[in-house]
Structure formats: C-alpha cells, structure tokens
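Input: a single structure, listed below in structure tokens.
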Number of protein chains: 2
Amino acid sequence: MPADQRPATLHDVARLARVSVATASKALNGRKHVSAASRAEVLKAAEVLAYSPNTLARGLVAGRTGMVGLLTSDLEGRLSIPILMGAEDAFGADRTSVLLCDARGDAVREGHHLRTLLSRRVDGLIVVGARPDPRPSIGRDLPVPVVYAYAPSADPDDLSLVTDNVTAGRTAIRHLVEVGRRRIAHITGDPSYGAAQDRARGALDELAEHGLKLAGDRVMFGAWSEAWGRSATGMLLTQRTAVDAIFAGSDQIARGVLDALHGAGLEVPRDVAVLGFDNWEIFTTSSTPPLSSIDMNLETLGRVAAERLMAAFDGRLGSGVEQLPCRLVPRESTTAR
Amino acid sequence: MPADQRPATLHDVARLARVSVATASKALNGRKHVSAASRAEVLKAAEVLAYSPNTLARGLVAGRTGMVGLLTSDLEGRLSIPILMGAEDAFGADRTSVLLCDARGDAVREGHHLRTLLSRRVDGLIVVGARPDPRPSIGRDLPVPVVYAYAPSADPDDLSLVTDNVTAGRTAIRHLVEVGRRRIAHITGDPSYGAAQDRARGALDELAEHGLKLAGDRVMFGAWSEAWGRSATGMLLTQRTAVDAIFAGSDQIARGVLDALHGAGLEVPRDVAVLGFDNWEIFTTSSTPPLSSIDMNLETLGRVAAERLMAAFDGRLGSGVEQLPCRLVPRESTTAR
DNA sequence: TTGTATGCGTTATCAC
DNA sequence: GTGATAACGCATACAA
C-alpha cells in the first residue's frame with residue numbers, strides 16, 4: 001500500500017519554510033550561521049512534510065555512503081548474524097547499514113558480490129569465512145578497507161580477526177582442572193582444521209603445566225559431528241581408559257559424548273565432566289545437563305571489525321592476524337564435585 | 001591496504017576514450033546511437049581504468065536504488081538467512097542488494113532501522129518476524145512496498161507470506177499413514193502459537209479423513225523444547241498409550257522424543273516412527289536415526305517475497321495473507337515397516 | 001544571517 | 001553518431 005507521492009526533498013522543506021535550500025540544510029544539520037527563527041521554521045516544515053534526507057544524495061557529495069558490505073560464505077548464518085550484530089552495535093545502526101551478501105561458498109559468486117558492493121561504494125568490507133582457516137584474499141588493491149573475520153586471509157598484508165584457539169584450549173583445560181578433574185580426554189573434529197589443531201595444542205600445553213597428560217594419551221580427531229562424539233566416547237569406554245572429564249571440540253560433538261556416557265550408565269558431571277565449544281545455545285541449554293561451553297565472542301569479533309574499519313576510514317588499516325579471546329560459559333556439565 | 005586513489009568516473013573513461021560522457025554512458029550501457037569504433041574505444045578505456053559505475057549516482061537519477069531492506073527480529077538468523085538467500089536469487093544478486101537489519105525484538109530499534117532504511121531509499125521492504133503469529137504493521141502509508149514474511153502483519157491491508165501450517169499438519173499425518181502407522185500421537189509446542197494450533201488442526205482433520213483419532217486422545221501442547229519432547233513421550237509411555245508414530249511440532253521436540261523412546265528400549269522407526277518439523281539440518285541429519293521432517297521452504301518464501309516486491313515496483317501491491325506450501329523431507333525415522 | 005552557485009557521478013533530452 | 005546540458009538531492013564555499 002505505498003503512498004505513491006514521492007518523498008519530500010530539501011527543496012520542498014525550504015520552500016515551505018520560505019528560506020533557501022542552503023539555510024534549510026544548515027538548520028537541519030544543526031550547523032551555525034542560522035537564526036533561531038529560521039531554524040524553527042525549517043524544523044517545523046520538515047516535520048510537516050515528514051522530511052527524510054536522501055542518504056544517497058548525501059553520500060554522493062560526502063564521498064561516504066555509510067554502508068559496509070558483509071561478504072559471507074556461511075550458509076547457516078550461525079557466524080554471520082552474531083558478527084553482523086556486533087558490527088551494527090559498534091557502527092551505530094543509524095549511521096551505518098550493512099549489506100549482507102552470501103557467496104554460498106562459491107568463488108565466482110563471491111567475485112560477483114564483491115563487484116556489486118564496490119559499485120555501491122560501500123565504505124568498507126567485512127569478509128566472514130565458513131571455516132576458521134586461511135582463505136584466499138579478495139584482492140590487494142581494493143579502494144576500501146577490508147577486515148577478515150573468523151577466517152583469516154591468506155595474504156599477511158590483509159587484516160584478519162580470528163579467535164584465539166590456543167588460549168581457548170588452555171582455558172578449557174584450566175577450567176576442568178579447577179573443578180577437580182585430572183584424567184581429561186579431548187575429542188575434537190576434522191584434523192585438517194587449524195582451529196582443531198590450535199585448541200588441541202593449547203590443551204596439551206596447559207595439561208603439561210599442571211603435570212598432567214591426556215587421558216587416552218592422544219587427541220582424538222575425527223569429524224565435527226554428534227556421531228563422532230558418540231563413537232569416540234565409546235572407544236574410550238571400551239578401552240577402559242580412566243576418564244573424569246572430556247573436552248569436546250564442538251557442542252555437537254559434546255552432544256554425542258553426553259549420549260554415549262548416558263548410554264553407558266555414567267552420570268554427568270558426577271562421573272565425567274563434559275565441556276563443549278561454540279556455546280551454541282540450541283545445543284548447550286537443551287542438553288542434559290546443560291552444557292558448559294566456550295564462546296568465541298563472535299559479537300565482539302564483529303564489534304572489533306567495525307572499529308578497525310572505522311579507524312581505517314581516516315588513516316591506514318593495520319595488517320596481520322589479530323587474535324581475540326574466547327570466554328568460558330560454565331553450566332552444569334562441569335560443576336565441581 | 002586500500003589504494004587511496006578514488007575510483008575512476010565516467011568522466012575519466014570519456015576523456016581517455018576521447019569522447020563525451022554522454023557517448024561513454026551509452027556505450028557502456030549497450031544503447032544504440034553509438035558507432036562501433038567509439039564503443040570499442042570506451043570499453044577499452046573502462047577496462048584500463050577498472051571503471052565501476054557508481055550505483056548511487058545512477059540510483060539518484062533513476063529514482064531506484066536497487067536495494068531492499070530486510071528487517072528481522074530473528075536473532076539467530078535461522079529464518080532470515082534462508083529467506084535472504086531466496087530473495088537474493090529472485091532479485092538477481094547483481095541488480096539488487098539486501099540491507100539486513102536486526103531489530104532484536106525491540107520495537108524502538110525496529111522503528112529506528114525503518115527510518116534509516118527509508119532514508120537510504122530502499123526500493124522495498126521485507127519484514128521477517130521471529131514467531132509465526134501476527135505482528136504489528138510497520139505502518140500503512142510507507143513510500144515503498146512492504147512484504148511480511150513468516151510472521152504476517154496484523155493489518156489485513158498489508159501483504160503477508162506465511163507457511164501453510166494446516167496443510168503441513170495434513171501432510172505429516174498422510175505421510176505417517178502411508179508408511180503404515182495408525183496410532184499417531186502429536187507432541188507440539190507452546191499452544192499460544194497459531195502455528196501450533198494450525199498444524200494440530202490439519203493433523204486432526206487428516207486423521208479424521210482416514211477414520212483415525214489421535215493416540216492419547218488429545219494434542220500434547222507444551223514448549224518448543226527437547227525437554228518437553230522427552231517428558232511428553234514419557235507420559236505417553238507410562239500411560240501405556242498404544243503408539244506407533246509421533247508427529248513432533250519441531251525438530252527439537254523430536255529430538256527429545258527420540259531420546260525418550262531410546263531410553264525406553266523402543267526402536268525407531270520399527271516400533272515408533274518419528275516425524276519432526278522445520279527440517280533444521282543440524283538436528284535432522286545428526287540424530288539417530290536421521291529424522292524425517294517438514295521443511296517450511298523458507299527460501300521459497302524469500303523468493304516469492306522478492307517476486308511480489310518486484311511486481312509492486314510497477315503496479316500496486318496485493319494484500320492479505322498468502323499461504324505457501326511446506327514440503328516433506330523423508331529420512332529414516334519414518335520408513336515403512 | 002542569508003542566498004547563489006557549484007559539484008558529486010549518472011542518465012536522458014535534446015540540439016547539432 | 002555525437003556532445004553539450006539539464007536534472008537527481010544534497011552540502012558547502014562564497015558572495016551579498
């Protein structure tokens with residue numbers, strides 16, 4: 001049901017207020033050199049006409065559009081949405097809008113979206129990868145600053161924001177030790193993921209500092225699936241490995257772990273504590289018991305990406321990989337005994 | 001690392017090609033009244049300068065920006081992302097871009113975003129609600145067409161696109177009957193959700209047409225949670241209700257159902273078939289056995305929303321509530337016995 | 001303080 | 001076929 005009257009322009013406001021467009025512009029933008037009387041006139045006229053400034057036209061002259069592009073390959077939106085929200089917060093939703101483009105893992109489509117975004121003269125770009133491993137740079141000499149989030153760019157000259165997986169691994173183990181566990185196993189996902197390796201390394205380092213070693217002796221790499229969590233746990237149990245805690249590489253794996261433990265008649269956290277990763281609410285709060293997990297602070301990632309972009313708008317952009325800390329979210333699956 | 005040279009303009013291209021901006025414009029847009037020679041000259045110049053037309057300026061004169069706003073309240077992005085992708089497809093990602101704004105369930109923030117989007121002169125608006133019940137209209141006399149998706153507008157003069165929950169309920173039951181089930185229970189979520197009521201009604205209607213009634217006699221309303229699925233199934237079992245199939249109101253509920261059945265030593269689908277709703281992959285493919293479910297075709301919802309919007313760009317927009325069909329996705333949890 | 005004029009990058013309407 | 005020129009809506013340096 002659109003009212004087919006075209007929106008009021010600054011000209012309309014100026015005419016109604018009996019001033020020039022210049023005065024009207026100044027008045028609406030709160031600038032000096034305008035009398036209180038005219039200012040009031042203009043404001044009233046704008047009110048009457050429901051004037052809404054054309055941001056496009058403003059951007060044309062300002063050289064800034066107030067838009068940033070969010071180029072993602074994450075089909076589920078599980079990463080993009082929190083990052084988007086963090087960025088929205090940092091920018092201020094009224095000054096900057098986000099153009100979200102989903103490349104669906106297709107490089108051609110990504111190039112297409114990139115061209116479109118540049119032709120829309122976005123002020124900056126945030127690139128969100130689907131998995132936390134280096135990805136091809138979208139290009140060196142782009143006319144706007146680019147920040148890579150979650151998945152770093154393969155080009156070290158780009159600026160990338162990633163989660164600090166090594167420290168996250170340490171945090172996980174420290175927590176389990178603090179709640180009195182000593183025989184800790186680590187069941188994680190696809191070993192080709194750098195994140196899996198990093199978390200495992202952090203875990204091993206922290207264990208060593210406590211004079212402990214991994215229950216079952218080695219990190220159990222597999223797949224990022226519930227099924228793997230189940231079968232890996234099954235292996236642990238049939239081998240009669242002494243275990244009082246399992247650090248899972250993802251919440252989905254943790255779900256499988258819980259399943260297998262329950263199936264074996266073990267109680268969580270009394271017999272075995274379980275710690276997940278991702279803090280994906282649909283998994284952590286609905287499991288029994290509610291699952292402790294490590295949150296990657298994706299909103300923060302988005303917020304920092306926005307801040308780096310804003311800093312780049314005046315001045316130059318940094319480069320390299322910036323590690324952002326994770327956060328432990330304790331729930332019942334890892335309470336002290 | 002932005003190359004701080006401002007992007008080439010049509011003027012630059014024209015100058016390099018030794019023609020006027022008018023000719024350059026025509027050549028680049030493939031219009032008539034340009035000699036083959038000049039056209040080639042212009043194209044080459046554009047190539048050399050890596051010319052990318054400024055969509056803002058183009059939109060300013062065309063009166064169309066080629067942008068649509070997607071106003072959502074769905075914090076997880078579970079609804080918005082598929083709808084966004086469907087809309088992208090229908091529009092053609094190169095002609096239309098989507099500004100995604102998350103209101104986070106806050107009406108004030110929603111109004112803010114709305115004003116921003118209008119000031120950016122989006123060509124249209126898609127409003128996605130967080131739950132499939134009528135929501136307040138964002139306003140009657142907006143200067144652009146608006147389509148409500150998933151959650152209909154409370155104002156019947158608006159155009160809303162929703163899933164056909166009644167038919168979905170029928171589809172669910174028909175499928176279960178076709179795989180040989182006769183004692184079918186329905187465990188669903190919050191009864192204040194119209195969608196829950198509609199699906200239940202469809203289920204009851206279809207049962208009646210087959211001369212059947214609900215196992216346990218009544219629809220089991222509760223919460224949209226795994227826990228409710230578990231406890232409701234437990235009630236069914238302790239009451240010794242004869243059941244050979246359970247239609248769950250969501251995949252999460254279905255997960256709880258599966259849990260409880262397994263815990264009672266029952267086998268799925270041999271003893272009891274289980275059908276979910278939402279076809280949320282992280283739940284359906286990782287459960288044991290993989291969960292049959294009903295897909296709301298959210299991509300289609302987005303696609304149709306885009307089509308309605310495009311139709312509205314020339315001509316007027318329809319009104320009322322348009323129901324879109326769901327789709328059954330059979331997996332192992334409901335195979336015939 | 002106020003208004004006039006110019007430019008932002010394109011497209012479109014004209015004369016030539 | 002080609003090229004000035006006028007919009008589009010706004011901001012601003014400059015002149016009044």
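Keep in mind the model is a prediction, meaning the values are calculated, not measured.
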Q. Whole Å only: how far is the CG atom of A:N29 from the P atom of D:dA13?
A. 13 Å
Q: Go through A:T300 and A:R327 one step at a time and tell me if the side-chain contact (heavy atoms from CB on, under 4.5 Å) criterion holds.
A: CA-CA 11 Å; A:T300 303; A:R327 161 177 56 104; over 6 Å; no
Q.
Both B:K26 and B:P53 contact DNA chain C. Which one's nearest nucleotide lies toward the 5' end?
A. B:P53
Q: Go through D:dG3, C:dG3, C:dA5 for me and flag the one nearest to the A:S20 side chain.
A: C:dG3
Q: Describe the nucleic acid contact of B:L10 in one word from base, sugar-phosphate, nothing, applying a heavy-atom distance below 4.0 Å.
A: base
Q. For A:R18 and C:dG3, what is the distance between atoms CZ and P respectively, to the nearest whole Å?
A. 12 Å
Q) So among A:I126, A:L79, A:V98, which one has a side-chain contact (heavy atoms from CB on, under 4.5 Å) with A:L84? A) A:V98
Q. Do you see a donor-acceptor pair shorter than 3.5 Å between the side chains of B:S119 and B:T116?
A. no
Q. Do the side-chain N or O atoms of A:T9 get closer than 4.0 angstrom to the phosphate oxygens (OP1, OP2) of D:dC8?
A. no
Q) Roughly how many Å is it from CD in B:E41 to C1' in D:dT2, rounded to a whole number? A) 15 Å
(Q) On DNA chain D, does the nearest nucleotide to B:V61 precede the nearest nucleotide to B:K32 from the 5' side, or the other way round? Give the residue. (A) B:K32
**Q.** Interatomic distance, B:Y51 OH vs C:dG9 P [rounded to whole Å]
**A.** 10 Å
Q: Report yes or no: do B:T72 and B:D102 form a side-chain donor-acceptor pair below 3.5 Å?
A: no
Q) Should A:S25 be listed as having a side-chain N or O under 4.0 Å from OP1 or OP2 of D:dA11? A) yes
Q) Looking at A:T23, does any N or O in its side chain come under 4.0 Å of the phosphate oxygens OP1/OP2 on C:dG3? A) yes
Q: Measure the distance from NE2 on A:H11 to C1' on D:dA7 and round it to the nearest whole Å.
A: 11 Å
Q: Give a yes/no on whether any side-chain N or O of A:N54 is located under 4.0 angstrom from OP1 or OP2 of D:dC8.
A: no
Q: Compare side-chain N and O positions of B:R6 against OP1 and OP2 of C:dC8 and report whether any pair is under 4.0 Å apart.
A: no
**Q.** Nucleotide C:dT11, atom P - distance to CG of A:L56 in whole Å
**A.** 14 Å
Q: Taking only the side-chain nitrogens and oxygens of A:R31, find out if one of them lies under 4.0 Å from OP1 or OP2 of D:dT12.
A: yes
Q) Quick one: B:L60 CG to C:dT11 P, roughly how many Å, whole number? A) 12 Å
(Q) What's the closest nucleotide to the side chain of B:R58 if the choices are D:dA11, D:dG3, C:dT10? (A) C:dT10
Q.
At 4.0 Å (heavy atoms only), tell me whether B:S35 reaches a base, stays on the sugar-phosphate, or touches nothing.
A. sugar-phosphate
(Q) How long is the straight-line distance from CZ of A:R140 back to CG of A:D157, given to the nearest 0.5 Å? (A) 4.5 Å
Q) How many Å lie between CG on B:L118 and C1' on D:dG9, as a whole number? A) 17 Å
